[in-house]
Amino acid sequence: MSENNLNREQIEAAAAHLEKAELEAYEVTKLTNDYPEMTYKDAFDIQWEIRRRKEARGTKIVGLKMGLTSWAKMAQMGVEHPCYGFLCDYFTVPDGGEIKTDELIHPKIEAEIAFVTKKALKGPGITIADVLAATDFVLPAVEVIDSRYKDFKFDLKSVIADNSSSSRFITGGQMQRVENVDLKHFGVVMEVNGEIVATGAGAAVLGHPAASVAMLANMFGERDEEIPAGTFVMVGAVTAAFQCKKGDSFSVRYQGLGSISGRFV
Amino acid sequence: MNQEQIQHAGDELYDALVNRTPVKPLTERFDDISIEDAYHISLRMVERRVAAGERIIGKKIGVTSKAVQNMLNVHQPDFGFLTDKMAYSQGQEMPISETLIQPKAEGEIAFVMKKDIMGPGLTNADILAATDFVIPCFEVVDSRIEDWKIKIQDTVADNASCGLFVLGDTAIDPRDIDLATCGMVVEKNGEIISTGAGAAALGSPVNCVTWLANTLGQFGIPLKAGEVILSGSLVPLEPVKAGDYMSVTIGGIGSASVRFV
């Protein structure tokens, strides 16, 4: 991993700037405009500083997520790596629940699958097999992403600093043991207001959803961090992201894993 | 179009197929061509194939995705006829460079019927009850119209752009699978190029077969026991050339693969 070009003061200022935009739901210009010299290490340090700020106020971290995990999306962005983010207690919306649109900027939904671990994973060198052996169960999830950047336009460093556009998530449906799901080939059908807007299959996530968890463990390993046992991890989008507005309702069906629904109010 | 024009257009498309020489879009040459005219042209084209010794073994449904319907500005699918000469088996080489003009591959679920069934008035329940099994399928579509410059009438007249197809070798009872949510993963030369799910075809592959049975029923044509019905693509079309290798895997159903030569 690269070194820092920003000093501690700049990292804290950037974290405060982005977190305020998140909490008060307004757009900002992408961070690399303000700090063109920032490195990937700086970007992750800013994200971890946002996490530290939240935890210091008593916010509980309830899971992790991977982003930009489709090869197509990475090629389109000209990046070679996905990114990760953290999930907070107040991000959770119950299955069938309401998402308060006014708390967000320009939300989009993505169909995902989540892993819940039963053993710690610490990179480097974590493989799909390690992930499957450490998985308690998988279950469906819908992520609501909401970049704090104007028009959802960013580069990889800016999005990493912005907690990988994390904002809300819904989980529910039917949990399954990993040995009971064909994770590469299970299908997903996403409907908004009763119309099918996207379909996909597990392989859309880095070829196999467990590869995404392995990559997360290896990226965490670079910072000498581990994914503890009992962690909820969303692996990245199986479908294209779909922009939603107040009044929209959605329902996502997962092969062998039930369904998830919710609405924007 | 009058009878003579229809017959001539059908013969022209048949010649284009046999000689691998595409023709100009019919819609550029016949202002008044209707979809019904187009089906009559396709029947003439298929008649020529049967006269040359081919046997009809099933049907295909096309224009089942919202993206393709929007592109062609229609809100219904279309259909064509499958012959024995179009069918290839799992693992067999498919000689596209000798037989096709501008091939594109798509992953589908094929239905094989176990009893005759005729619309109109059929429901999805009737179709499922009449289905022997579903099987993975690669359809390789082709157009006898120059550069795929098709409007809906052009593709209907051209037997719904039928080319060749390959079936996998896992037959699954439709009772054992959720056909709307089953996932599809398509790989080309070892790389995953697209994913989708059953609902990408009119909400469910079963909806497509029901539409076909009810549409054909209006003309007194049944779906027959043993027929193969290709229910429509679940992923975007992919242009292919000799030397390419593709595989499709459908969650809970199985795989089909094909090597193009």
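Residues B/Thr181 and A/Val189 approach most closely at CA-CG2, 4.0 Å, considering heavy atoms. Residue A/Gly187 comes nearest to B/Ala197 through the heavy atom pair CA-CB, 4.2 Å, listed as atom of the first residue, atom of the second, then distance.
Annotation: B/Glu36, atom CD; neighbour count of heavy atoms from other residues, nucleotides and ligands within 6.0 Å does not exceed 12. Residue B/Lys188 places its NZ atom among more than 12 non-hydrogen atoms of other residues, nucleotides or ligands, all under 6.0 Å distant. At most 12 heavy atoms of other shown residues, nucleotides or ligands fall within 6.0 angstrom of atom NZ in A/Lys150. When the shell of 6.0 Å around CG of A/Asp151 is examined, it contains more than 12 heavy atoms from other residues, nucleotides or ligands.
Applying the side-chain contact (heavy atoms from CB on, under 4.5 Å) test to B/Leu216 and every residue at least two apart in sequence or in another chain returns B/Lys59, B/Phe79, B/Leu212, B/Ile221, B/Leu223.
The CG atom of A/Asp182 sits 12.0 Å away from the CD1 atom of B/Ile250 when rounded to the nearest 0.5 Å. Atoms CD1 and OG, from A/Ile196 and B/Ser65 in turn, are 11.5 Å apart once rounded to the nearest 0.5 Å.
For B/Ile193, no part sits under 4.5 Å from any heavy atom of chain A, backbone or side chain. Only the side chain of A/Glu195 has a heavy atom closer than 4.5 Å to any heavy atom of chain B. Neither the backbone nor the side chain of B/Glu191 has a heavy atom closer than 4.5 Å to any heavy atom of chain A.
Side-chain N or O atoms of A/Thr199 include none that pairs as donor or acceptor with a backbone N or O of B/Gly196 at under 3.5 Å. Side-chain atoms of B/Thr195 come within 3.5 Å of backbone atoms of A/Ala201 as a donor-acceptor pair (strictly under, hydrogens ignored). In this structure a side-chain-to-backbone donor-acceptor pair under 3.5 Å is present from A/Gln255 to B/Gly251.
Among B/Ile177, B/Leu234, B/Val185, the residue with the largest count of heavy-atom pairs under 4.5 Å with chain A is B/Val185. Comparing B/Ala180, B/Ser194, B/Ala199, B/Gly198 by how many heavy-atom pairs each has under 4.5 Å with chain A, the most go to B/Ala199.
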For B/Lys66 and A/Val197: C-alpha separation, side-chain torsions, deciding distance, then whether side chain to side chain contact (heavy atoms under 4.5 Å, CB included) applies. CA-CA 9 Å; B/Lys66 186 145 276 181; A/Val197 295; over 6 Å; no
